[in-house]
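This report concerns only the one structure given below.
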2 protein chains.
Amino acid sequence: MSKMTKRERFLETSLKLINEKGFKATTMRDIAHSLNCEVANVYNYIDSKQSLLETYLFGISNEFHAAIDTIIDSNASSEEKIRLIIRIHIDLMVKKPYELALLVNEWRNLKEPKLSTFLAERIVYENKVKSVLKEGMEAKDFKPMDIEIATYTFLSTLRWLHDKYTDLPIKINPKEIEEQISEFVFSGISKK
Amino acid sequence: MSKMTKRERFLETSLKLINEKGFKATTMRDIAHSLNCEVANVYNYIDSKQSLLETYLFGISNEFHAAIDTIIDSNASSEEKIRLIIRIHIDLMVKKPYELALLVNEWRNLKEPKLSTFLAERIVYENKVKSVLKEGMEAKDFKPMDIEIATYTFLSTLRWLHDKYTDLPIKINPKEIEEQISEFVFSGISKK
DNA sequence: TATTTAGGTGAACAAACGTTCATGTAAATA
DNA sequence: TATTTACATGAACGTTTGTTCACCTAAATA
């Protein structure tokens, strides 16, 4: 399907552009220019600028949900579940760093009612993580913590990845990152 | 100084607006409207929309630098320095949550050469944190870690604060957050 | 009193924006 | 061969944008 290929090339190009300049600052003419065509042509591939953003954001959001659901439904231990959550974040960063960066930086540009849908999905995701931490606390695998603070702090440890991964030409070793972050999350920086 | 008061009221109002809608999405007419005046009047307080952003960003950036310099120049232990860095981040979140949110979300909208200046300052800040972690590793206070990953992971644990603090009407207890995050950073979530 | 200053107005500007339209071409399909 | 399809164009649209201008008013200052 030559259309599919072309459309995907278009999606990839505009994705990088939006990442560099931000969604609002990227104009349809910018996108056209980096594809060596005229503005009007862009509308052969996409309905509107807004739907472009929606495609990216809900696409990557769904991937996160699919991945975490598999983990939660498994019968792994709480610790193992947290390790797996770390892994899927790093996997997705390697496979789709630009989509991930968009997820963090550009969701504000969604309009209602899509914005509310997106935020609701995000809360659901956070709650899934929260449930794993809670489970682990109740099983005494994890220490007693404020569950809200622990959830946000934990998720934050994974939120800088895309930044370094989209910028650097030299890619950091994902396995190394996974080990280092897991170690950080489970036992911190202090020498015991 | 009635001008100072008025100008500060103007700065505060536009700061919140920009946080809600994003810098690009906030128009000068939006700002005027939320001040119950006309657009032209806004230019009595500020040179341009761009300089408005610069004022905020470099203002809060300077505060972070001033604070961390005091810590680094002290003769506290590495662990104590990290604890103090956590504290200043939380202090600033309490005092200036909106400026902090801007620092995280809107720096992309700076234009050259201010953008480069800002990014250079940020790298300097990260390097200051890095030096504390390195110092602690060499003194065997901290475990052996990849210094880059440790720095970014540590700083990330502090980067979600503003989000919750600007949104919620009920403020979380800063002292509690400080303790929880310190515990997370130094010894992780595992029950030892 | 005369004058500077702080605060405020409405209209207008040139530029940039997302989007549409009528039209064209070359290849794939029927 | 006839027709659909994918890809492409340039001009134009209505809006919105940041910013400027000439002008106004009331209070503080000289």
Side-chain angles (χ1 to χ4, degrees), chain A residues 1-58 102 105-115, chain B residues 1-58 102 105-115:
Chain A
M1 251 142 262
S2 100
K3 188 192 177 178
M4 243 355 196
T5 319
K6 194 86 185 186
R7 186 170 187 270
E8 280 173 350
R9 206 170 63 83
F10 154 76
L11 285 174
E12 194 186 301
T13 305
S14 48
L15 180 58
K16 286 189 185 176
L17 247 185
I18 291 172
N19 248 293
E20 277 171 35
K21 314 182 60 167
F23 177 72
K24 280 263 175 192
T26 305
T27 71
M28 297 305 267
R29 283 164 182 84
D30 288 336
I31 294 174
H33 182 258
S34 79
L35 283 161
N36 293 317
C37 68
E38 298 303 311
V39 208
N41 194 14
V42 174
Y43 285 87
N44 286 325
Y45 303 109
I46 203 82
D47 292 336
S48 68
K49 196 190 177 190
Q50 209 61 32
S51 77
L52 186 61
L53 183 66
E54 292 162 9
T55 302
Y56 294 134
L57 291 187
F58 286 100
L102 229 61
N105 296 320
E106 304 294 346
W107 59 265
R108 278 163 211 271
N109 293 301
L110 287 172
K111 290 184 179 165
E112 293 295 355
K114 301 278 182 179
L115 177 59
Chain B
M1 254 144 265
S2 105
K3 188 192 178 179
M4 243 355 196
T5 319
K6 194 86 187 187
R7 187 170 187 271
E8 281 173 349
R9 206 170 63 83
F10 154 75
L11 284 174
E12 194 185 303
T13 305
S14 47
L15 179 58
K16 286 189 185 175
L17 247 185
I18 292 173
N19 249 294
E20 277 172 35
K21 315 183 58 167
F23 177 72
K24 280 264 174 192
T26 305
T27 71
M28 298 304 267
R29 283 164 182 84
D30 288 337
I31 294 174
H33 182 258
S34 79
L35 283 160
N36 293 318
C37 69
E38 299 303 312
V39 208
N41 194 14
V42 174
Y43 285 87
N44 286 326
Y45 302 110
I46 203 81
D47 291 336
S48 67
K49 196 190 176 189
Q50 209 61 32
S51 76
L52 186 60
L53 184 64
E54 293 162 9
T55 303
Y56 294 134
L57 291 187
F58 286 100
L102 230 61
N105 296 321
E106 304 293 347
W107 59 266
R108 280 162 209 274
N109 293 302
L110 286 172
K111 289 183 180 166
E112 293 293 357
K114 300 278 183 179
L115 177 58

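The basis for the numbers below is simple: all heavy atoms, side chains too, and nothing from hydrogens, waters or symmetry mates. Numbers restart at 1 for each chain; the letters A, B, ... are given by sequence-line order, proteins then strands.
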Protein-nucleotides 27-29 of chain C N/O pairs under 3.5 Å:
none

>> If you apply the rule side-chain contact (heavy atoms from CB on, under 4.5 Å), what do you find for Ile31(A) with Thr13(A), and how did you get there?
In response: CA-CA 8 Å; Ile31(A) 294 174; Thr13(A) 305; 5.9 Å; no
>> Between Thr27(B) and Val39(B), does the side-chain contact (heavy atoms from CB on, under 4.5 Å) criterion hold? Intermediate values first, please.
In response: CA-CA 10 Å; Thr27(B) 71; Val39(B) 208; over 6 Å; no
>> Could you go through Tyr56(A) and Ser14(A), starting from their C-alpha distance and side-chain angles, then the distance that decides it, and tell me whether this counts as side chain to side chain donor-acceptor pair (under 3.5 Å)?
In response: CA-CA 11 Å; Tyr56(A) 294 134; Ser14(A) 48; 2.9 Å; yes
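As rounded to whole Å, 19 Å separates atom P of dG18(D) from atom OH of Tyr45(B). The distance between atom CZ of Phe10(A) and atom P of dC7(D), rounded to the nearest whole Å, is 12 Å. In this structure, the CD1 atom of Ile46(B) is 16 Å from the C1' atom of dA6(C), given to the nearest Å. At whole-Å resolution of the value, CG in Asn109(A) and P in dC17(C) are 15 Å apart. Look at CG on Leu52(A): it is 14 Å from C1' on dT19(C), rounded to the nearest Å. The CG-C1' distance, from Asp47(A) to dT20(C), rounds to 13 Å in whole Å. Taking atom CG on Asn44(A) and atom P on dA22(C), their separation rounds to 15 Å, with Å as the unit.
Take Lys16(B) and apply the salt bridge (Lys or Arg N to Asp or Glu O under 4.0 Å) test, not counting sequence neighbours, and it matches no residue. Applying the side-chain contact (heavy atoms from CB on, under 4.5 Å) criterion to Asn41(B), with sequence neighbours excluded, gives Cys37(B), Asn44(B), Tyr45(B). Under the side chain to side chain donor-acceptor pair (under 3.5 Å) criterion, Glu106(A) pairs with Asn109(A), sequence neighbours left out.
Closest approach of Trp107(A) to Leu115(A), counting heavy atoms only: O-CD1, 3.7 Å. When all heavy atoms of Arg7(A) and Ile46(A) are compared, the closest pair comes out as NH2-CD1, 4.0 Å. Considering all non-hydrogen atoms of both residues, Leu110(B) and Gln50(B) come closest at CA-NE2, 3.8 Å.
A cation-pi contact, defined as under 6.0 Å to the ring centre and within 45° of the axis, links Lys49(B) to Phe23(B).
When the C1' atoms of four end pairs are superposed on the next four at each end of the helix from dT1(C)-dA30(D) to dA30(C)-dT1(D), using five pairs per end, the two resulting axes differ in direction by 0°, to 10°.
With contacts defined as side-chain heavy-atom distances shorter than 4.5 Å, the pair Lys114(B)/Leu53(B) does not qualify.
Comparing dG18(D), dA8(D), dG8(C) against the side chain of Tyr43(B) picks out dG18(D) as the nearest.
Near DNA chain D, defined here as any heavy-atom distance below 4.0 Å, the residues from residues 23-41 of chain B are Thr26(B), Thr27(B), Met28(B), Arg29(B), Val39(B), Ala40(B), listed numerically.
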